[in-house]
There are 2 protein chains.
Amino acid sequence: MVTIYDIAERAGCSAMTVSRVINNTGRISEKTRQRVKAIMAEMNYVPNIAARSLVLQETKLLSLVIPDITNPFYTTLARGAEDAARKFGYQLLFSNSDENLEKENATLDAVISARADGVLIAPVGDGSAPCLEQLKQHNIPVVLLDREVPGFEADTVLGDSKEGAKALTAMLLAQGHRRIAFINGSLSTSTARQRLLGYREGLSSAGIACDDAIVFEAGFADTGLAEIIGKLMDLEQRPTAVFAANNKIALAAIRSLHAAGLSIPRDMSVVCFDDLEADYVVDPFLTVAAQPAYEFGAVGVGLLVERIKDRSRQPRTVTLSSALMKRRSTAPLR
Amino acid sequence: MVTIYDIAERAGCSAMTVSRVINNTGRISEKTRQRVKAIMAEMNYVPNIAARSLVLQETKLLSLVIPDITNPFYTTLARGAEDAARKFGYQLLFSNSDENLEKENATLDAVISARADGVLIAPVGDGSAPCLEQLKQHNIPVVLLDREVPGFEADTVLGDSKEGAKALTAMLLAQGHRRIAFINGSLSTSTARQRLLGYREGLSSAGIACDDAIVFEAGFADTGLAEIIGKLMDLEQRPTAVFAANNKIALAAIRSLHAAGLSIPRDMSVVCFDDLEADYVVDPFLTVAAQPAYEFGAVGVGLLVERIKDRSRQPRTVTLSSALMKRRSTAPLR
DNA sequence: TTGAAAGCGCTAACAC
DNA sequence: GTGTTAGCGCTTTCAA
């Protein structure tokens with residue numbers, strides 16, 4: 001491995017001078033600078049980050065922890081995070097938590113060990129608080145993505161879950177739907193709670209009572225969707241629309257609905273949060289509240305980098321609004 | 001920051017003893033081990049990887065470089081890589097190259113600097129050779145994913161592009177299609193070349209001449225699809241089927257075809273490589289040669305880890321076969 | 001403008 | 001079983 005000492009020797013100067021050239025610090029004669037630079041290029045020198053980290057106490061590593069990269073929302077978020085990280089000179093350490101507290105915990109231990117300069121995380125849920133506290137204890141800045149954690153204060157990038165849910169609900173109401181089932185993600189996430197709130201408010205502002213018999217909790221990891229849809233179908237007063245908390249749930253619901261012989265939107269309208277990547281959809285079908293996934297990542301990295309520089313700054317929450325995309329999974333009630 | 005010295009002091013032993021406890025090396029009395037462990041837990045000790053890296057010359061970091069995480073094939077590949085990396089005790093450093101040689105280059109510099117123990121890369125194309133050589137020069141093991149690079153020898157995970165393309169072509173022929181357009185990705189990738197080969201062989205084994213007027217190169221980054229489709233439409237003998245080299249191209253082609261007022265498969269059959277994530281598709285439509293994307297990542301990490309342990313081993317190429325999924329984007333020619 | 005010394009936190013090699 | 005020493009490659013501090 002080529003070190004600054006090898007460069008120094010060849011250049012006839014000290015390692016310190018080479019270090020100065022690399023970092024553009026101190027005053028160095030142009031002549032020396034050129035010579036050192038030439039030799040570095042010639043010898044194919046690349047600085048050793050581990051060594052630098054050890055003395056500088058920074059790694060230029062940011063950790064991104066998301067439930068599942070396979071989910072298009074997080075995919076695009078990751079893209080935004082990577083682009084922004086690169087722009088700020090950071091690299092991204094990447095892990096999936098699978099909506100699983102233990103995995104998340106293990107990941108965060110690894111992150112602490114790797115001494116990442118900061119963590120971007122879409123936490124599994126309220127149960128993530130202890131992990132997150134650990135990070136704080138180790139003085140590692142955290143930015144929360146998409147989900148808040150009660151009792152844990154940090155910079156946060158949030159969607160307008162409540163408003164979005166209200167808008168989606170209002171749209172269905174406008175189409176004449178009166179019985180709208182709600183299939184939520186895990187209530188241990190702030191996002192699920194906010195969406196439920198928005199749904200309720202949407203209903204009540206139209207003077208409609210919320211019927212708990214058609215409100216379900218599926219968990220974001222899509223558990224028992226078939227069962228839930230089964231229950232739905234057996235209801236005396238079957239709903240005419242389904243509001244799914246995210247697109248994974250919506251798609252699973254649609255599959256179950258299809259399996260039960262229903263056609264969408266003829267027999268049932270369906271809406272949800274999060275759009276699918278336009279490039280990879282044959283023909284956009286779902287009516288959604290589209291969240292700016294890319295910005296979640298990009299803004300998150302921005303906040304994190306600021307926070308790394310200034311740890312005393314007041315935590316901020318950035319709320320990104322969603323756009324209602326009305327498509328073919330919804331239809332006016334006949 | 002808590003160091004092994006802090007632990008040692010409190011435990012009344014030397015730093016070396018603490019190090020031994022952490023790494024489970026050497027012989028240590030059970031009593032000492034317990035005491036040290038207790039104190040580590042109590043003080044919330046986490047080893048500093050940078051320091052360890054510096055002496056061990058290994059970082060337990062693997063770099064994953066792919067063209068675009070937004071592409072479902074790479075998303076799932078990344079998932080497989082992450083799961084496998086975790087299993088082997090590595091973390092994943094993650095970057096997108098955007099099918100862009102310069103970005104790829106910049107990324108690889110960062111990787112060298114970070115002293116990743118190995119690199120998994122789906123290279124931009126044949127032009128990646130110099131970058132890759134640099135990695136080799138720095139003694140960083142490389143595993144090629146999805147694409148070979150002529151003149152660069154390395155462990156490689158490949159799909160059966162040629163066979164898959166032949167199968168897809170054969171299927172279209174069996175449906176009666178005789179004029180099958182081929183829209184390829186960048187010919188500077190081995191994958192594109194192999195797929196073209198498979199297409200040609202498929203045709204010729206049915207005794208059909210390949211008409212270069214209906215073979216196009218779009219670049220995997222989807223350039224000028226509309227234009228290509230335009231040309232296609234203007235052809236005197238319009239093709240009855242389109243073979244797209246990957247799903248991004250296929251979807252773009254379909255959009256253009258739709259825009260031109262064609263219906264699929266009625267007016268045109270469409271096939272391609274790579275399936276979409278089943279969880280996130282309302283209703284699978286595309287007839288594809290589905291590649292086991294997850295295995296690409298998982299197998300790749302396996303090869304890389306082996307290679308890191310034994311650098312003298314003969315490079316291996318693992319070929320993963322694809323599965324023909326016949327769906328509704330294709331129909332027998334009337 | 002440049003250099004020498006010390007130390008970041010850890011482990012390999014050797015001593016006891 | 002345990003400790004001492006040295007050094008991984010770099011930068012900070014202080015001196016010249």
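For clarity, every value in this text was computed on a predicted model and none was experimentally measured. Chain naming here is simple, since letters A, B, ... match the order of the sequence lines and numbering starts at 1 in each.
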Interface limits on DNA chain D, where chain B has a heavy atom under 4.0 Å of a nucleotide atom:
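Boundary nucleotides touching chain B, in 5' to 3' order, are dG1(D) to dG9(D).
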
By side-chain contact (heavy atoms from CB on, under 4.5 Å) - contacts of [X] (at least two apart):
X       : result
P141(B) : L304(B), R307(B), I308(B), R311(B)
E30(A)  : R33(A), Q34(A)
R10(B)  : I39(B), E42(B), M43(B)
L101(A) : E104(A), V124(A), S128(A)

Contacts of R313(B) that satisfy salt bridge (charged side-chain N to carboxylate O under 4.0 Å, His left out) - sequence neighbours left out
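Partners of R313(B) under the salt bridge (charged side-chain N to carboxylate O under 4.0 Å, His left out) test: D155(B), E306(B).
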
Which part of the nucleic acid, if any, lies within reach of T32(A) when heavy atoms closer than 4.0 Å are counted: base, sugar-phosphate only, or nothing?
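Sugar-phosphate contact only.
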
Just checking, is any N or O donor in the side chain of T76(A) or E277(A) under 3.5 Å from an acceptor N or O on the other one?
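Yes, side-chain donor-acceptor contact under 3.5 Å.
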
Let me check the geometry of the helix from dT1(C)-dA16(D) to dC16(C)-dG1(D). What is the bend angle between the axes at its two ends, five pairs each, to 10°?
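Taking five pairs per end, the axes differ by 40°.
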
Can you check each nucleotide of nucleotides 9-16 of chain C against protein heavy atoms at under 4.0 Å and return B for base, S for sugar-phosphate only, - for none, in 5' to 3' order?
BBBBBB--

Show every salt bridge (Lys or Arg N to Asp or Glu O under 4.0 Å) that has at least one partner inside [range], sequence neighbours left out.
range                       : result
residues 129-145 of chain B : none
residues 114-124 of chain B : none
residues 60-80 of chain B   : D68(A)-R79(B), R79(A)-D68(B), D98(A)-R79(B), R79(B)-D83(B)

With Y74(A) via ring-ring contact (aromatic ring centres under 6.0 Å, His included) - residues at least two apart
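Listed in chain order: nothing, the list is empty.
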
